[in-house]
Amino acid sequence: MIAVMFGPPGSGKGTQASRVAARLGMLHIATGDMLRDEVARETALGREAEPIMRSGNLVSDDLVVRVIESRLAQPDAAKGVLLDGFPRTVRQAKALDEMLTGKGKRVDVLVALRVPEDVLRERVLRRAEIEGRSDDTPDAFAQRLDTYRAETEPVLEHYTDSGTRIEEVDGVGSIEAVAERIVKALSGHRDAVQAQ
Ligand code: AMP
């Protein structure tokens, strides 16, 4: 099963995706984590991505698509995959669809986390205190939210139009409670996919 965890900055995508993937035995692929790792290792790619990430903008589609393509080609991606932070633009979604079609696969389900804007802002500013992420400042957060609305929300439309199953999940509540809702949404779907 190929699933996408979808939601605005601060919606808990990363936290939830890593928990839920572990519980369901899926591979968690987070482009934000992969890029932060490149930045920390000061690779050429990391040096290119760092200022863009710090400002709250998106790194180029070509770069992210290359990173995902090589990750999905590794053997551990043959089990179920939970994508987190990708695709973030319609171009990325189309590139992903093409990659998967080549392997006889598709995005089976998209989990859309719903969290009101005031809660998002509060969470991100709290995370800034705890983790010190360079893109959790108020300015960078505002930019990330604008980018999400302009570039990423249309991805939901793309998958709605292609008839992909969309699971809307309430993202407000304790980490455990939200994880439980997502596991439930995905488990039902996994059974259906496996029965095909
Ligand atoms: P995240 O950890 O998913 O919030 O990602 C942190 C930052 O990494 C984003 O604000 C972008 O600058 C960059 N990034 C992560 N995933 C992508 C993607 N799929 N496309 C473009 N930029 C991305």
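Whatever order the structure lists ligands and atoms in, that order sets their numbers, starting from 1.
- Between the side chains of T43 and E38, at least one donor-acceptor pair of N or O atoms lies under 3.5 Å.
- Sequence neighbours left out, the pairs with a member in residues 64-80 that pass salt bridge (Lys or Arg N to Asp or Glu O under 4.0 Å) are R71-D76.
- E117 and R121 are joined by a salt bridge, as a carboxylate oxygen and a charged side-chain nitrogen come within less than 4.0 angstrom of each other.
- At a heavy-atom cutoff of 4.0 Å, ligand 1 is surrounded by T31, G32, L35, R36, M53, N57, L58, V59, V64, G85, F86, R88, Q92, R133, D135.
- D62 and S60 share no donor-acceptor pair across their side chains, judged by distance under 3.5 Å alone.
- Between the side chains of Q74 and S70, no donor N or O sits under 3.5 Å from an acceptor N or O.
- H158 and D97 are linked by a side-chain donor-acceptor pair at a separation below 3.5 angstrom, with hydrogens and angles left out of the test.
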